[in-house]
Amino acid sequence: MKLIDLSQPIYDGAPNCPAHPPVKSEIIADHPKHGWRVELLTMSSHTGSHVDAPYHKLAGGASLDEIPLERFTGLAVIADFRDAQADQPLTSSLLSGKLALPLVDRIVLLATHWGRKRAKTDEWLHHPPYLSPEGAQWLVEQKIRAVGIDHYSIAGARDPMNSLSHSILLAANLWIVEELSFPDEVFALPQPFEFMSLPINLKGHTGAYCRPVAILR
């Protein structure tokens, strides 16, 4: 088995959603004084590569620990939008042109190249391509299992689009994985390919850090 890492690293001062507290990683014990080294992390549960559960946008929606772990695995396909422009909506017509039907039970991964731009710049923070509400509804109609993107928000940086697209996906009981990274080798994989994005076990939470990987056997 070979694993291709599709995650973004977390570190002190890492870029993140500007609506959230800055990412901090502080050393609170170290060698040789204490005999061990320990870090204290301060960040939202939606930092770096992470999974969104329905409860993130929907009061009364399922939290992460209420979703069977097996749901976070499956067969994935990539929609290659590496030529996407700033603030570009990813619509149903664009999606259907990139994805081969049927998509039933597939995990759809949107590669916009914004993962390569990850930095505290105005472009990355505020002007990513995003899944439009109409595009989100089209994906729901294809009966997919989940959807992911290489930015901190699948629905862009501004309302009302952000809330609408999230709500459409999560109301359909899909989960979302955000802040992916797509190395060049993943675009050469035969599709669909095995994919896994297991969130850590945070009870009652709306999101959690994860380690997304493509699996080659």
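Just so it is clear, the structure is predicted and the values come from calculations on it, not from any experiment.
Listed for the T47 side chain is a donor-acceptor partner under 3.5 Å among the backbone atoms of S44. In this structure, Q8 contributes its side chain and G115 its backbone to a donor-acceptor pair below 3.5 Å. Under a 3.5 Å cut-off, the side chain of N162 and the backbone N or O of A157 do not form any donor-acceptor pair. Side-chain atoms of K143 never come within 3.5 Å of backbone atoms of V104 as a donor-acceptor pair (strictly under, hydrogens ignored). The closest donor-acceptor contact from the side chain of H127 to the backbone of Q85 lies at 3.5 Å or more, if one exists at all.
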Applying side chain to side chain contact (heavy atoms under 4.5 Å, CB included) to R158 and D87, what does each step give before you reach the verdict? CA-CA 10 Å; R158 294 185 296 276; D87 296 316; 3.1 Å; yes
If you apply the rule side chain to side chain contact (heavy atoms under 4.5 Å, CB included), what do you find for S163 with K57, and how did you get there? CA-CA 7 Å; S163 292; K57 289 286 185 178; 3.6 Å; yes
Under the side chain to side chain contact (heavy atoms under 4.5 Å, CB included) rule, what do L189 and I78 come out as? Steps first, then yes or no, please. CA-CA 10 Å; L189 296 179; I78 293 179; over 6 Å; no
Stepwise side chain to side chain contact (heavy atoms under 4.5 Å, CB included) check, L139 with I168: CA-CA 10 Å; L139 286 175; I168 289 167; over 6 Å; no
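Note: E179 CD to S49 OG = 6.0 Å, rounded to the nearest 0.5 Å. With values rounded to the nearest 0.5 angstrom, I154 atom CD1 is found 5.5 Å from L169 atom CG. Note that the NE2 atom of H205 and the CG atom of D52 stand 13.5 Å from one another [nearest 0.5 Å]. Summarising the geometry, atom OG1 belonging to T91 is positioned 14.0 Å from atom CD belonging to Q137; distances are rounded to the nearest 0.5 Å. Taken to the nearest 0.5 Å, the OG atom of S63 stands 10.0 Å off from the CG atom of L202. Once rounded to the nearest 0.5 Å, the distance linking NE2 of H151 with CG of L110 reads 13.0 Å.
Counting all heavy atoms, side chain and backbone alike, N173 lies closest to P54 at OD1-CG, 3.9 Å. When all heavy atoms of G135 and L131 are compared, the pair lying nearest together is C-CD1, 3.7 Å. The shortest non-hydrogen separation linking S165 to S132 is OG-C, 3.1 Å. Nearest heavy atom pair, residue P15 against residue A119, reads CG-CA, 3.7 Å. Looking at every heavy atom in both residues, L164 comes nearest to P133 through CB-CG, 3.8 Å. Taking both residues in full, the closest heavy atoms of N16 and P21 are given as ND2-O, 2.8 Å, listed atom of the first, atom of the second, then distance.
Using a 4.0 Å cut-off between charged side-chain N and carboxylate O, R116 and D184 make a salt bridge. Using a 4.0 Å cut-off between charged nitrogen and carboxylate oxygen, R82 and D150 do not count as a salt-bridge pair. Electrostatic pairing of K24 and D12 does not count as a salt bridge here, judged by no charged N lying under 4.0 Å from a carboxylate O.
Within a 6.0 Å radius of CD in E26, other residues, nucleotides and ligands contribute more than 12 heavy atoms. Surrounding OH of Y55 are at most 12 heavy atoms belonging to other residues, nucleotides or ligands under 6.0 Å away.
Residues L40 and I27 fall into different hydrophobic clusters, defined by Ile, Leu, Val, Met, Phe, Trp and Tyr side chains chained together at heavy-atom separations under 4.5 Å. Under the 4.5 Å side-chain heavy-atom criterion for ILVMFWY residues, a single connected hydrophobic cluster contains both V140 and I149. The hydrophobic clustering, which links ILVMFWY residues whose side-chain heavy atoms are closer than 4.5 Å, places L174 and V177 apart. A chain of hydrophobic side-chain contacts below 4.5 Å, direct or via other Ile, Leu, Val, Met, Phe, Trp or Tyr residues, connects L58 to V147. There is no path of hydrophobic side-chain contacts, each under 4.5 Å, that joins F72 to L170.
In this structure the side chain of W138 reaches within 4.5 angstrom of the side chain of L99, judged on heavy atoms. Q88 places a side-chain heavy atom less than 4.5 Å from the side chain of L94. Using a 4.5 Å cut-off on side-chain heavy atoms (C-beta onward), E178 and Y152 make no contact. M43 places none of its side-chain heavy atoms less than 4.5 Å from the side chain of H20. Within the 4.5 Å cutoff, the side chain of H166 has heavy atoms near those of the S153 side chain. In this structure the side chain of L6 reaches within 4.5 angstrom of the side chain of P183, judged on heavy atoms. Annotation: side chain of C17 is not in contact with side chain of H46 (no heavy-atom distance under 4.5 Å). No side-chain heavy atom of L75 sits less than 4.5 Å from a side-chain heavy atom of I107.
Side-chain polar atoms of E134 and S92 form a donor-acceptor pair below 3.5 angstrom.
In this pair, F195 and W175 present their aromatic rings parallel. The plane angle is below 30°, not in the 30 to 60° band.
Each of I215, V77, L109, I4 was evaluated against F193; a single residue qualifies, L109, per the side-chain contact (heavy atoms from CB on, under 4.5 Å) test.
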